[in-house]
Amino acid sequence: MISRIDLRGDALPEGPALRDLLPRADFDVQAALEKVRPICEDVHHRGDAALIDFAERFDGVRLESVRVPAQALADALAGLDADVRAALEESIRRARLVHRAQRRTAHTTQVVPGGSVTEKWVPVERVGLYAPGGRSVYPSSVIMNAVPAQEAGVESIALASPPQSDFGGLPHPTILAACALLGVDEVYAAGGATAVAMFAYGTESCPPANMVTGPGNIWVAAAKRYFTGRIGIDTEAGPTEIAILADDTADPAHVAADLISQAEHDPLAAAVLVTDSPDLADAVEKELEPQVSATKHVDDRIRPALAGRQSAIVLVDGVEEGLKVVDAYGAEHLEIQTAHATAVADRVRNAGAIFIGPWAPVSLGDYAAGSNHVLPTGGCACHSSGLSVQSFLRGIHIVDYTEDALAEVAHHVVTLAEAEDLPAHGAAVKARFGWKVPESK
């Protein structure tokens, strides 16, 4: 059901050479880019009419309007199962606790007497959030996108999710109910690249956004790449992934369950176990079959994901080597199930989120840990972070110098301007002092 990669014996290679040995899904965003280009440009030129036509083509439903009526949000919340509502409310509460603590305040540095630099933090003005609606429904993604944007102080927040033929062309009612709980009342029935294009260009019903965030399929990722530079994005999210670094102290039933939990997202989902224990590897393999057989989405998602090239059990000589492997892999979700797990986790450099020990499965982070589950995939954790309040803030430097403070450093500015062969830069300083460089004090 799942392959093995044996990296024991020889010294592990460094950098790209090690990454090339590790499993990864095929996910060619560049190839998808050429297919989404005409879709995006059609939305640019025809606006809502194009969105309606694409909804009929891709989602099998003819919309009267792309904007979701306020009454539909209220009805969805009224009809929400009480237990689901309670779970969503607790997820929101915990997410707010964590993300509220991420707020940043202005800080002023007094560089010299009379010369200061202040860094202030300004939220993005308008954000478009995306909640997928393909194989599964993700109200949790509504929470993970909306809460940090709200806590950052974003004034205008809109959300798009694909129209569903089963619900009269509206997004899934649980998505709408989550929006209602969060106070997000600007919601659109638009999916995939069309939703990203709607936010990037704007249409008759939807003003353009400064930024688009949220997970999605390859078409969403390709559209984000297409619009990078025009709008800000969080990340080009690829197939979801879990890596588990485990030794012989790990419970194989837990490890198998966690691998399966990630595999049920998508046939391209990656499930990777890195271990120095052949006995654990054997035990996990034995656990997989009965656990897979007992769950849902077996043949369309879980088995293809576990059997795919993106999933494997990786054998290493020790936890030290395992750390090198998981750092090279840069997992979206990384579980540490080893002895002294906290100390081991503290040494990890590259991961979207780290889950320590047997009682912090990735599923907890997906819904109710308080952490954010919109995380970098495809090895991007080596340079990118998950979604946070910081994602929606811009740092602006405010420079405030008096005449004396400028005079004190003027000769350095002029010297560096001339060294770079940019004499007009120096002249902009000289002009303030009668075209003479003040003598340094």
So K224 and E236, salt bridge (Lys or Arg N to Asp or Glu O under 4.0 Å) or not? Walk me through it.
CA-CA 7 Å; K224 284 182 176 181; E236 293 178 9; over 6 Å; no
Are [X] and [Y] close enough that a side-chain donor and a side-chain acceptor fall under 3.5 Å?
X	Y	result
H265	Y138	yes
E403	Y401	no
T118	H397	no
N145	T213	yes
Q262	T240	yes

Using a 6.0 Å cut-off, check whether atom [atom1] of [X] has over 12 heavy atoms from anything other than its own residue.
X	atom1	value
E14	CD	no
E155	CD	no
E125	CD	no
Q110	CD	yes
R103	CZ	yes

Distance, nearest 0.5 Å, that separates [atom1] of [X] from [atom2] of [Y]:
X	Y	atom1	atom2	value
I242	S261	CD1	OG	5.0 Å
I302	I260	CD1	CD1	6.5 Å
I175	H172	CD1	NE2	8.0 Å
L73	E186	CG	CD	11.0 Å
R301	T295	CZ	OG1	10.0 Å
L181	I92	CG	CD1	5.0 Å

Closest non-hydrogen atom pair, [X] against [Y]:
X	Y	answer
L245	T338	O-CG2, 3.5 Å
Y130	P162	OH-CG, 3.4 Å
Q310	V272	O-CG2, 3.7 Å
P171	Y188	CG-O, 4.0 Å
L306	A271	CD2-CB, 3.8 Å
A146	L182	CB-CD1, 3.9 Å

Side chain to side chain contact (heavy atoms under 4.5 Å, CB included), that's the test. Do V147 and E151 meet it? Break it down for me.
CA-CA 6 Å; V147 167; E151 295 301 324; 4.2 Å; yes
Ignoring hydrogens and geometry, is there a side-chain-to-backbone donor-acceptor pair from [X] to [Y] under 3.5 Å?
X	Y	answer
D234	G214	yes
T415	H411	yes
N217	V220	yes
Q164	G133	yes
R94	A368	yes
E241	H333	no
R24	Y329	yes
R225	A221	no

Scan the side chains in residues 352-367 for donor-acceptor partners under 3.5 Å anywhere in the protein, sequence neighbours excluded, and list what turns up.
none

When you compare the side chain of [Y] with that of [X], does any pair of heavy atoms fall below 4.5 Å?
X	Y	answer
V142	L159	yes
E119	I396	no
P69	L170	yes
V187	S161	no
F227	I233	no
E56	V61	no
T194	I39	yes
P148	N372	yes

Evaluation steps, side chain to side chain contact (heavy atoms under 4.5 Å, CB included), between M211 and R126:
CA-CA 7 Å; M211 183 177 186; R126 176 170 167 80; over 6 Å; no
So, applying side chain to side chain donor-acceptor pair (under 3.5 Å) with D42, which one of R46, H44, H45 is it?
R46
With side chain to side chain contact (heavy atoms under 4.5 Å, CB included) as the test, would you mind laying out the steps for R85 and L77 before giving the verdict?
CA-CA 8 Å; R85 177 169 182 158; L77 183 56; 3.7 Å; yes
Are the charged groups of R347 and D327 less than 4.0 angstrom apart, N to O?
no
Validation: residues 196-209 side-chain donor-acceptor distances under 3.5 Å, sequence neighbours left out:
residue : atom : partner : partner atom : Å
Y201    : OH   : E41     : OE2          : 2.5
T203    : OG1  : D48     : OD1          : 2.6
T203    : OG1  : S205    : N            : 3.4
T203    : OG1  : C206    : N            : 3.3
E204    : OE1  : D48     : N            : 2.8
S205    : OG   : D48     : OD1          : 3.1
S205    : OG   : D48     : OD2          : 3.0

Which residues share a side-chain hydrogen bond (donor to acceptor under 3.5 Å, both in side chains) with S388, sequence neighbours left out
none
Before giving the answer on salt bridge (Lys or Arg N to Asp or Glu O under 4.0 Å), spell out for R93 and E89 the whole-Å C-alpha distance, their side-chain angles and the decisive distance to 0.1 Å.
CA-CA 6 Å; R93 186 188 73 82; E89 288 175 336; over 6 Å; no
Could you walk me through whether H254 and Q337 pass the side chain to side chain contact (heavy atoms under 4.5 Å, CB included) test, one step at a time?
CA-CA 10 Å; H254 295 174; Q337 297 195 38; 4.2 Å; yes
Test E418 against K430 for salt bridge (Lys or Arg N to Asp or Glu O under 4.0 Å), laying out the working first.
CA-CA 12 Å; E418 291 174 351; K430 293 177 184 179; 3.8 Å; yes
